[in-house]
2 protein chains.
Amino acid sequence: MTVALPSVTDVESAAARLGEKVRHTPTMVLHADETGLPARVVLKLELLQHTGSFKARGALNSVLSLDPRTPDVTAASGGNHGAAAAWAARRAGMRADVFVPGTSTPAKLDRIREYGANLHLVGGDVGDALEACRAFADSRGLPVIHPYDTWETVCGAGTLGLEIGAQVPDAELVLLGCGGGGLYAGVAAALADTAVVQPVETELCPHLHAAVAAGEPVWHPSKGVAADALGPPQVGRLGFDTAVSRGTSSVLVTDEAVVEARRFLWQRLRVLAEPAACAALASLLSGAVTPRRGSTGVVVVSGGNNPAVP
Amino acid sequence: MTVALPSVTDVESAAARLGEKVRHTPTMVLHADETGLPARVVLKLELLQHTGSFKARGALNSVLSLDPRTPDVTAASGGNHGAAAAWAARRAGMRADVFVPGTSTPAKLDRIREYGANLHLVGGDVGDALEACRAFADSRGLPVIHPYDTWETVCGAGTLGLEIGAQVPDAELVLLGCGGGGLYAGVAAALADTAVVQPVETELCPHLHAAVAAGEPVWHPSKGVAADALGPPQVGRLGFDTAVSRGTSSVLVTDEAVVEARRFLWQRLRVLAEPAACAALASLLSGAVTPRRGSTGVVVVSGGNNPAVP
């Protein structure tokens, strides 16, 4: 069974709803002598987004799609979506109850609190947090803002793809990290007719990869440097069906390649991305993906919620 | 006595010389509810420049203005210009001897070495380093790439102003940190007819301020969080005459305001700027400068050469 997937028109509706409430983040061209690649590489600096990651787009689109009289929303997340949901709820004049697993980093927890949310620390992984969140929401009749696998989340995330289309109209390849698959599904919808959108996972968080191999979303452990942001219990239906409908899967990179790409971003650009946000660049720098000679590729740097705070 | 100052045409010549060899760095709009200001604030993210600061522009313009058969160049700098000169020399196929004072941060020294320069550690301040550099250069007949007070350095730095003019055509105020005054002189030349360019110094590095008060460049100690990048022995003649010709001086901010602005950039945008690069934003956030209601102001975030390396 496959589900209906958003079209570019659906993503455009989300973009109209979000307007200037999310940042239109800038791009940067890397020179060929920096990457050693025969293609033009453009970075989409989405870590500059509100709350420090692309998650703000999907969370705010979800919240703004609710009845505006909704008093309170709930969310569960390893961290970035939690901060995004808290920020989006405050932006819409609502309260948020956010459920996070014990694996979240202290910096991410602080940020969720800063945005005024009620923080619920749950033992276990993000799946346990989502379960606790659902029970809480059901008992109070509140909506759950899903981190990646709803229409509103995916269309909101897809607005990043529309910006890429406008900023880099000649992009033929767009590389992005894939956790639950919401960003992938949204950007693939936004750029369906213009670019190949390639999801990248780490070898230690291969959720889409395992799902494609199994023929359906399956549980897989999440380990390594990117686990806090690429660690859903399993890939979402919308992300999975996006890959299946295109006959593709994720590219896998090692944790070492991620760490190397993160160092590259700091050394060359003074961009301090979080590890998960470096998987896409790692696929290029490590040679896991080779862009066509003379082509233009876009690499999404999707978040900067590092533990390091000055 | 005043010196001739560059015109916008001179800066345009430098831009033509540099072409795509320097990055055209992106801008980002801050929302009014983030700054609490009645004006639109646009950040010019120059810390994404090669070598992590705007210094790459002036250094490369200087090097490319030399006879291409020049085998070696020299430079003296507290750090950012040293890295920029080393990078520029390598880019042009030359070697560089770089003289730095003992006050430089280890991260900046590492970077100069990385770009392949011969590093000469000199005791004392940047004035002592410049003196040692001149003696070395004179004895070998080599050119000195000045950090801020030559025509080529100023015109190179000014190319940042041309980019601002193209990216934010409605900018009526441009705020930037001022050390030796090269960035100020260059950007003021580039935007002479379109915007007020306001230099900002810290209270502990008030070189332009002291010069305007004295009627000429004078020595002043450099202390506090920005001393490694806003600490010339004295402001340059080109920067000083630019201020005098416009009947203006620098705005002063406290070190505390700089630290607060730096934290703001990290918390809101995941931009990790170095302290000196936050003086301009500090002038806005602390209320030292109040932009006209409804206007657009640009804040240059000029460097990101922090000690913190992931």
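The chains referred to below are lettered A, B, ... by the order of the sequence lines, with proteins before strands, and numbering in each begins at 1. The structure presented is a predicted model; accordingly, all values stated were derived computationally and were not measured.
- Identified by a heavy-atom distance below 4.5 Å to chain A, the contributing residues of residues 31-39 of chain B are B:H31, B:D33, B:E34, in residue-number order.
- Side-chain contact between A:N306 and B:L272: absent, with no pair of heavy atoms (C-beta onward) separated by less than 4.5 Å.
- The shortest heavy-atom contact between B:L269 and A:L48 is O-CD2, 3.0 Å.
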Decide yes or no on side chain to side chain contact (heavy atoms under 4.5 Å, CB included) for B:Q49 and A:R270, but give the supporting numbers first.
CA-CA 8 Å; B:Q49 187 55 261; A:R270 307 297 178 269; over 6 Å; no
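- Checked against side chain to side chain donor-acceptor pair (under 3.5 Å), B:T159 has the following partners two or more places apart in sequence or in another chain: B:R57.
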Counting only pairs under 3.5 Å, give me each side-chain donor-acceptor contact of residues 86-95 of chain A, with atom names and distances, residues two or more places apart or in other chains.
from	atom 1	to	atom 2	distance (Å)
A:R90	NE	A:Y115	O	3.3
A:R90	NH2	A:E114	O	3.4

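- Of the atoms belonging to B:V259, not a single heavy atom falls under 4.5 Å from chain A.
- Looking at every heavy atom in both residues, B:M28 comes nearest to A:T25 through SD-CA, 4.3 Å.
- B:A229 is linked by a side chain to side chain contact (heavy atoms under 4.5 Å, CB included) to B:N80, B:K108, B:E274, B:A276, counting only residues two or more places apart in sequence or in another chain.
- Considering only heavy atoms from C-beta on, B:V29 stays 4.5 Å or farther from A:E20 through its side chain.
- In this structure, chain A has a heavy atom under 4.5 Å from the side chain of B:L45, while its backbone stays farther away.
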